Structures are given as structure tokens and as C-alpha cells.
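Please read these numbers as outputs of a predicted model, since none were measured by experiment.
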Number of protein chains: 2
Amino acid sequence: MDKNDAYILERQVGFVMRRAVQRHIAIFSALIPEMTPTQFAALAKLCELGQASQNELGRLTSMDVATIKGVVDRLRARELITSAPLESDKRRLMLAPTRKGRAMYRKYAAQAAEVSRQTLAPLDEGEQRQLMQLLERII
Amino acid sequence: MDKNDAYILERQVGFVMRRAVQRHIAIFSALIPEMTPTQFAALAKLCELGQASQNELGRLTSMDVATIKGVVDRLRARELITSAPLESDKRRLMLAPTRKGRAMYRKYAAQAAEVSRQTLAPLDEGEQRQLMQLLERII
DNA sequence: CATATTTTGTTTGTGTACAAATAGACTGTG
DNA sequence: CACAGTCTATTTGTACACAAACAAAATATG
């Protein structure tokens with residue numbers, strides 16, 4: 001194998017992104033130890049929507065059916081959201097934030113934005129915008 | 001809350017990176033269904049080094065002690081690597097790829113590079129370089 | 001209307017990922 | 001030498017993440 005063809009782990013996008021996500025999660029849990037990024041994402045989206053079915057919430061937060069179920073179970077166990085089968089479509093489980101859930105969201109929304117700021121802190125504003133745009137294009 | 005201050009999930013780095021990683025993993029498992037990105041990373045690094053202790057391999061692949069143990073266990077179960085306590089330091093577990101492990105690495109190294117190419121395919125070469133550089137700076 | 005298909009949710013199994021507690025082995029310093 | 005501190009590995013518990021298989025409900029289509 002030619003030297004230039006060598007597979008260098010540290011130069012693969014997947015590896016670098018995995019490490020960047022690790023750092024991001026570390027920042028998140030330092031600033032918001034009360035919940036995980038995933039749980040906050042689900043709660044935030046549900047607060048934005050007011051209500052949504054479990055499936056719908058999963059799609060909007062990019063979690064598959066098994067994952068969103070676990071996240072919802074944990075949020076419900078902490079009484080941050082409620083769930084009830086929909087009368088008009090008994091397959092669907094309608095979710096809504098509780099008063100406590102909305103309070104939790106309001107309490108941490110600013111902190112969550114700060115997590116993004118700290119994650120991007122090594123870059124200047126232009127670079128931050130650039131990174132976000134490039135990432136959005138490889139989704 | 002001001003409209004401009006609104007927390008928009010889709011614009012948070014963490015959320016976008018998580019989705020980008022999801023797409024990357026999907027591409028990886030389509031091209032290399034035989035193993036996970038994590039397992040390949042550990043195998044690749046071990047092949048590059050020739051040998052390493054479990055702890056060392058974990059550090060170099062950014063996996064914590066519990067994670068690297070699981071990955072090593074699975075690679076060993078498939079006879080892709082061997083492990084043996086080091087005589088001169090009985091705490092350490094020295095790992096080395098087997099002939100089969102090295103063959104597996106050689107077989108998939110080109111595919112793994114192709115995974116990176118496909119992940120970055122929506123971007124032109126300059127943008128790909130840019131994205132990698134920006135990601136490396138927020139690690 | 002009857003049934004084939006799709007949608008929603010659950011369950012099971014495997015694989016990262018990390019925190020915290022534990023145990024055994026090494027190292028440094030008094 | 002003794003022993004305090006450090007390093008390596010293991011174990012346990014929790015939380016994503018996804019595939020696959022299943023059941024129940026709704027919808028589409030003949």
C-alpha cells in the first residue's frame with residue numbers, strides 16, 4: 001500500500017465527528033447535569049409543538065422508534081411529559097409537556113444555547129457559520 | 001422570550017453533528033456490514049501499531065475503559081485480535097491483531113476510505129478540507 | 001364491503017458511551 | 001522497606017442507537 005493511500009484513522013470524518021460529539025456531550029452534561037442532550041432535544045421540540053405523537057416526535061428529533069420510546073419513558077417517569085392514547089386514532093400516543101416539563105425547558109433553554117456557544121468557542125463567528133452550513137449539507 | 005433568542009433545536013451544533021454521525025454510520029454499515037465503525041477503528045489502530053495495551057488502544061481511539069473493553073472482547077471473540085497479560089507489568093493487557101485480523105483490516109481499509117468519501121460527497125474538495133479543519137478545532 | 005397495505009407502537013437483542021466503585025499491580029517518597 | 005498515590009483493568013448501572021419481529025389500528029384498493 002502506497003504511503004499516500006494509507007488509512008489514517010485520525011483523518012476520517014467519522015472519527016473526528018465522533019470526537020467532536022464526545023466533547024459536545026461533555027460540555028452539555030457539565031452545564032446541564034439534570035438531563036441528557038437527547039432528553040432535552042425531545043422536551044424542547046415537544047414544548048415548541050405543544051403536543052405531538054411519539055412517532056412524530058421521534059421523526060422530528062431524529063430518533064428511531066425504539067430510541068424515542070426509551071426517551072419518552074424516562075421523561076414521563078420524571079413527570080416532564082404526559083402521554084395518552086388518541087381517541088380518534090388509537091394507534092397513536094399523544095405526548096404533551098407537563099407544567100413541570102415546560103418549567104424545566106424554560107429553565108435550561110439559555111443554558112442549552114450556551115452549550116452550543118462553548119462547543120463552537122474555538123472558532124470565530126464566520127467559521128461557526130461555515131461549520132454549521134457544511135454540517136447541514138452532509139446530513 | 002424574544003423571537004431571536006428562541007432555542008431552535010435544528011440550529012444547535014450538537015443536534016446537527018448527531019445527525020451527521022447518524023448518516024455516516026449508515027453509510028459505514030452499508031459498505032462494511034461485517035463490523036462497526038468503532039470496531040474497525042480499534043482494529044485499524046492496532047494494525048498500525050502492531051501491538052498495544054488495552055488502555056493505550058482506548059486512549060488512541062478515544063474510547064473510555066469500559067467501552068474499549070467491550071470492543072476488545074468482541075474483536076477477540078471473533079479472533080481478530082489476541083490479548084495476553086504483560087509479563088513485565090501484570091496490570092497491562094497487551095493486544096495484537098491476529099493474521100485474520102490483519103487480513104480483515106487490509107480487506108476493508110479501502111472501503112473505509114470510501115465511507116469517508118461518500119460521507120463528504122455533498123461537498124467539493126475545498127469544502128471537505130474546510131469541514132475537517134473546523135471539526136478538528138472543536139475537538 | 002373485504003382484505004392488502006401502511007402506520008404506530010412495543011419488545012428483544014446487540015453495540016457504543018460514560019460514571020462510579022472495586023481490585024490488583026506498580027511507583028515514588030520518606 | 002513501607003505505604004501513599006497512581007495506573008490498568010473489571011464490573012455494574014444507566015442511556016442512547018438501530019435492526020428485526022410482532023400486534024393492533026387505520027387506510028387504500030379492488
Side-chain angles (χ1 to χ4, degrees), chain A residues 14-15 17-30 32-43 51-78 80 83-95, chain B residues 14-15 17-30 32-43 51-78 80 83-95:
Chain A
F15 186 74
M17 285 197 298
R18 179 168 143 267
R19 294 198 52 195
V21 168
Q22 284 176 342
R23 173 163 166 273
H24 171 263
I25 293 176
I27 293 172
F28 191 103
S29 85
I32 309 181
E34 284 74 14
M35 55 195 329
T36 65
T38 314
Q39 287 167 16
F40 187 79
L43 180 61
Q51 61 165 32
S53 76
Q54 182 171 295
N55 205 276
E56 208 176 332
L57 186 59
R59 274 196 308 272
L60 293 169
T61 54
S62 294
M63 302 179 204
D64 78 358
V65 291
T67 302
I68 191 64
K69 185 196 190 317
V71 173
V72 160
D73 285 350
R74 284 180 285 276
L75 290 175
R76 196 178 35 213
R78 294 175 60 184
L80 300 175
S83 69
L86 188 61
E87 258 318 296
S88 61
D89 184 347
K90 288 172 186 166
R91 291 169 307 179
R92 301 171 79 189
L93 199 57
M94 286 304 287
L95 312 177
Chain B
F15 186 74
M17 285 198 298
R18 181 169 143 267
R19 294 199 50 195
V21 169
Q22 285 177 342
R23 173 165 167 274
H24 170 263
I25 293 176
I27 293 171
F28 191 102
S29 84
I32 310 180
E34 284 73 15
M35 57 196 327
T36 66
T38 316
Q39 288 167 14
F40 187 81
L43 180 60
Q51 60 165 34
S53 76
Q54 182 171 293
N55 204 276
E56 208 176 330
L57 186 59
R59 275 197 306 274
L60 293 169
T61 53
S62 293
M63 301 179 205
D64 79 356
V65 291
T67 301
I68 190 65
K69 186 194 189 319
V71 173
V72 160
D73 284 350
R74 284 181 285 276
L75 290 175
R76 196 177 35 213
R78 295 175 57 184
L80 298 175
S83 70
L86 188 60
E87 258 317 295
S88 60
D89 184 347
K90 287 171 185 167
R91 292 169 306 180
R92 302 171 79 191
L93 197 57
M94 287 304 287
L95 312 177

### Query
OP1, OP2 of D:dC16 versus side-chain N and O of A:T38: anything below 4.0 Å?
yes
### Summary
Taking for B:D89 and for B:Q39 the nucleotide of DNA chain C with the nearest heavy atom, the one nearer the 5' end belongs to B:Q39
### Query
Under 4.0 Å between a side-chain N/O of A:Q22 and OP1 or OP2 of C:dT16, yes or no?
no
### Message
Quick check: do A:N55 and A:R91 have side-chain heavy atoms less than 4.5 Å from each other?
### Response
no
### Query
Just how large is the angle between the end axes of the helix from C:dC1-D:dG30 to C:dG30-D:dC1, five pairs per end, to 10 degrees?
10°
## Note on the structure
Taken to the nearest whole Å, CG/A:L75 to P/D:dA15 is 10 Å
### Task
Check the distance between D:dT8's P and B:L86's CG and give it to me in whole angstrom.
11 Å
### Query
Can you check whether A:Q54 has a side-chain N or O nearer than 4.0 Å to OP1 or OP2 of C:dT8?
no
### Summary
d(B:L75 CG, B:T36 OG1) to nearest 0.5 Å is 8.0 Å
### Task
Grab the NE2-P distance between B:H24 and D:dC18 for me, whole Å please.
14 Å
### Query
Do the side chains of A:L95 and A:E56 get nearer than 4.5 Å, heavy atoms only?
no
### Message
Between C:dT8 and A:R92, counting only base atoms on the nucleotide and side-chain atoms on the residue, is there a donor-acceptor pair under 3.5 Å?
### Response
no
### Query
Going by heavy atoms in the side chains, are B:Q54 and B:K69 under 4.5 Å from each other?
yes
### Message
Taking the minimum atom-to-atom distance to the side chain of A:N55, which one of D:dA15, C:dT8, C:dA25 wins?
### Response
C:dT8
### Query
About how many Å separate CZ of B:R23 and OG of A:S62, when rounded to the nearest 0.5 Å?
13.0 Å
### Message
Just N and O in the side chain of A:R18: are any of them under 4.0 Å from OP1 or OP2 of C:dT16?
### Response
no
### Task
Begin with the C-alpha distance, continue with both residues' side-chain angles, and end with the deciding distance and a verdict on side chain to side chain contact (heavy atoms under 4.5 Å, CB included) for B:R18 and A:M63.
CA-CA 10 Å; B:R18 181 169 143 267; A:M63 302 179 204; 3.1 Å; yes
### Query
Base, sugar-phosphate, or nothing for B:T67, non-hydrogen atoms under 4.0 angstrom?
base
### Query
Rounded to the Å, how far apart are B:D64 CG and D:dA15 P?
17 Å
### Summary
Residue pair A:V65/A:R91 against DNA chain D: nearer the 5' end by closest nucleotide is A:V65
### Query
In whole Å, what is the span from the NZ atom of A:K69 to the C1' atom of D:dC22?
15 Å
#### Entry: Pairwise side-chain contact, A:R76 with A:D73, heavy-atom cut-off 4.5 Å (strictly under)
yes
### Message
Using a 4.0 Å heavy-atom cut-off, does A:S29 contact any base of the nucleic acid, only the sugar-phosphate backbone, or nothing at all?
### Response
nothing
### Query
Expressed in angstrom and rounded to an integer, what is the separation of A:R78 atom CZ from D:dT14 atom P?
14 Å
### Query
Among C:dT12, C:dC18, D:dA26, which is the nearest nucleotide to the side chain of A:A66?
C:dT12
### Flag, side chain of B:Q39 to backbone of B:R74, donor-acceptor distance under 3.5 Å
no
### Query
Expressed in angstrom and rounded to an integer, what is the separation of A:E56 atom CD from C:dG9 atom C1'?
14 Å
### Query
For the pair made of CG in A:D73 and C1' in C:dG9, what is the distance, rounded to whole Å?
11 Å
#### Entry: Sugar-phosphate only, base, or nothing, as touched by A:K90 at under 4.0 Å among non-hydrogen atoms
sugar-phosphate
